[in-house]
**Q** 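Attaching a single structure in structure tokens format; questions to follow.
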Amino acid sequence: MKIIVGGDHAGFPLKQQVVNAIKNLGHEVEDFGCFSSDPIDFPDITKKVCEAVLNGEAERAILVCGTGVGACIAANKIPGIRASVCHDIYSSHQCVEHDDVNVMCIGAQIIGPVIMSELVESFLNAAFSTEEEFRRRVRKLHLMENEYAQKIVNLKTK
């Protein structure tokens with residue numbers, strides 16, 4: 001599986017370790033930056049990473065910022081992206097299995113390298129459930145996304 005990784009300056013100290021963890025699991029990885037601890041706005045990196053997922057350049061992505069929250073908020077603004085903050089093993093696989101999450105967000109100021117490695121492995125080994133209840137719910141998420149996107153278009157054209 002190909003994975004895109006990105007993060008801001010707060011995530012920089014952990015991001016290279018995320019890249020290494022993905023490679024150690026045998027996956028292909030592309031690092032979209034940032035590449036230093038110089039301040040950068042997380043929405044800019046998040047946009048690049050999520051666009052790559054939507055364009056089919058990768059199956060999933062991992063974003064690393066200070067807490068994971070900002071990157072998650074930014075990612076979930078993009079139609080077609082389902083992002084989740086994951087700081088525990090159960091959430092890292094369950095978000096894929098039940099909610100078809102394609103972007104995991106983690107906080108470099110919250111977790112260390114050992115937990116990060118376990119989260120990455122759990123996230124990448126998970127598969128979206130074939131059970132109808134989960135498929136139905138994700139279809140409803142798509143419908144909500146489209147409904148509210150249309151409402152925004154309608155408001156702008158008034």
**Q** Report the C-alpha separation of V18 and M116 in whole Å, then their side-chain angles, then the decisive distance to 0.1 Å, and conclude whether the side-chain contact (heavy atoms from CB on, under 4.5 Å) test is met.
**A** CA-CA 7 Å; V18 171; M116 174 278 299; 3.6 Å; yes
**Q** Tell me, please, which residues at least two apart from R137 pass salt bridge (Lys or Arg N to Asp or Glu O under 4.0 Å).
**A** E133
**Q** If I take atom CD1 from residue I3 and atom NZ from residue K23, how far apart are they, to the nearest 0.5 angstrom?
**A** 13.0 Å
**Q** Assigning hydrophobic clusters by single linkage (Ile, Leu, Val, Met, Phe, Trp, Tyr; side-chain heavy-atom cutoff under 4.5 Å), is V96 placed with I115?
**A** yes
**Q** Should I73 and L63 be regarded as members of a common hydrophobic cluster, given that ILVMFWY residues are connected when their side-chain heavy atoms come within less than 4.5 Å of each other, either directly or indirectly?
**A** no
**Q** With a 4.5 Å heavy-atom cut-off, do V85 and I106 have their side chains touching?
**A** no
**Q** If hydrophobic clusters are built by linking Ile, Leu, Val, Met, Phe, Trp and Tyr wherever their side-chain heavy atoms come under 4.5 Å apart, do L124 and V49 end up in the same one?
**A** no
**Q** Do S84 side-chain atoms and C86 backbone N/O form a donor-acceptor pair below 3.5 Å?
**A** no
**Q** When rounded to the nearest 0.5 angstrom, what is the spacing between CE in M1 and CD in E59?
**A** 6.5 Å
**Q** Work out which heavy atom in C105 is nearest to a heavy atom in G68; give both atom names and the distance.
**A** CB-O, 3.4 Å
**Q** Does the side-chain contact (heavy atoms from CB on, under 4.5 Å) test come out yes or no for R135 and S129, once each step is laid out?
**A** CA-CA 7 Å; R135 299 282 170 149; S129 173; 5.8 Å; no
**Q** Are I110 and M104 connected into the same hydrophobic cluster when the rule is that any two of I, L, V, M, F, W, Y join if their side-chain heavy atoms are below 4.5 Å apart?
**A** yes
**Q** Considering only heavy atoms from C-beta outward, does the side chain of H93 approach that of N125 to under 4.5 Å?
**A** no
**Q** Quick one: closest heavy-atom pair of H87 and G107, and the distance?
**A** NE2-N, 2.9 Å
**Q** Mind checking salt bridge (Lys or Arg N to Asp or Glu O under 4.0 Å) for R60 and listing every partner two or more places apart, or none if nothing turns up?
**A** none
**Q** D44: what forms a side-chain hydrogen bond (donor to acceptor under 3.5 Å, both in side chains) with it, not counting sequence neighbours?
**A** none
**Q** Is there any salt bridge (Lys or Arg N to Asp or Glu O under 4.0 Å) pair reaching into residues 141-151, and which pairs are they, with sequence neighbours excluded?
**A** E147-K151
**Q** Check A52 against I4 and note the closest heavy-atom contact, atom names and distance.
**A** CB-CG1, 4.1 Å
**Q** Should I22 and V5 count as side-chain neighbours, where that means a heavy-atom distance under 4.5 Å?
**A** yes
**Q** Walk me through whether F123 and V101 qualify under side-chain contact (heavy atoms from CB on, under 4.5 Å).
**A** CA-CA 9 Å; F123 176 68; V101 162; 4.1 Å; yes
**Q** Using a cut-off of 6.0 Å, state whether more than 12 heavy atoms not belonging to F35 lie near its atom CZ.
**A** yes
**Q** Test of understanding: with salt bridge (Lys or Arg N to Asp or Glu O under 4.0 Å), list the residues that count as partners of E57, not counting sequence neighbours.
**A** none
**Q** When rounded to the nearest 0.5 angstrom, what distance separates CD1 in I40 from SG in C34?
**A** 5.0 Å
**Q** Determine the minimum heavy-atom distance between C72 and A83, stating which atoms define it.
**A** SG-O, 3.6 Å
**Q** Identify whether the distance between the nearest side-chain nitrogen and carboxylate oxygen of K2 and E30 falls below 4.0 Å.
**A** yes
**Q** For the residue pair F128 and F134, what are the closest heavy atoms and their distance?
**A** CZ-O, 3.8 Å
**Q** Evaluate side-chain contact (heavy atoms from CB on, under 4.5 Å) for F12 paired with V64, printing each intermediate quantity in order.
**A** CA-CA 7 Å; F12 176 72; V64 189; over 6 Å; no
**Q** Kindly compute the distance separating CZ (F42) from NZ (K47), expressed to the nearest 0.5 Å.
**A** 14.5 Å
**Q** With sequence neighbours left out, write down each residue that passes side-chain hydrogen bond (donor to acceptor under 3.5 Å, both in side chains) with D41, or none if nothing qualifies.
**A** none
**Q** Residues in side-chain hydrogen bond (donor to acceptor under 3.5 Å, both in side chains) with H98, at least two apart?
**A** Q94
**Q** With a 4.5 Å heavy-atom cut-off, do L14 and I111 have their side chains touching?
**A** yes
**Q** Compare all side-chain heavy atoms of R139 with those of E132 and state whether any distance is below 4.5 angstrom.
**A** yes
**Q** Decide whether L141 and Y148 are clustered together by the hydrophobic rule: side chain heavy atoms of Ile, Leu, Val, Met, Phe, Trp, Tyr closer than 4.5 Å, transitively.
**A** no
**Q** Can you pull out every salt bridge (Lys or Arg N to Asp or Glu O under 4.0 Å) where at least one residue sits in residues 67-87? Sequence neighbours excluded, please.
**A** R82-D100
**Q** Can you confirm whether S91 sits close enough to D88 that some side-chain heavy atom of one is under 4.5 Å from a side-chain heavy atom of the other?
**A** yes
**Q** Applying side-chain hydrogen bond (donor to acceptor under 3.5 Å, both in side chains), name anything that partners H9, two or more places apart in sequence or on another chain.
**A** none
**Q** So which pairs with a foot in residues 11-20 pass side-chain hydrogen bond (donor to acceptor under 3.5 Å, both in side chains), sequence neighbours left out?
**A** K15-D31, Q16-N20
**Q** When rounded to the nearest 0.5 angstrom, what is the spacing between CD1 in I45 and SG in C65?
**A** 11.5 Å
**Q** Looking at A108 and G11, what are the two nearest heavy atoms and their distance?
**A** CB-CA, 3.8 Å
**Q** For the residue pair L119 and I89, establish whether any side-chain heavy-atom pair is separated by less than 4.5 Å.
**A** yes
**Q** Does D99 have any salt bridge (Lys or Arg N to Asp or Glu O under 4.0 Å) partners at least two apart in sequence or in another chain, and if so, which?
**A** none
**Q** Among pairs that include at least one residue of residues 101-123, which meet salt bridge (Lys or Arg N to Asp or Glu O under 4.0 Å), considering only residues two or more places apart or in two chains?
**A** none
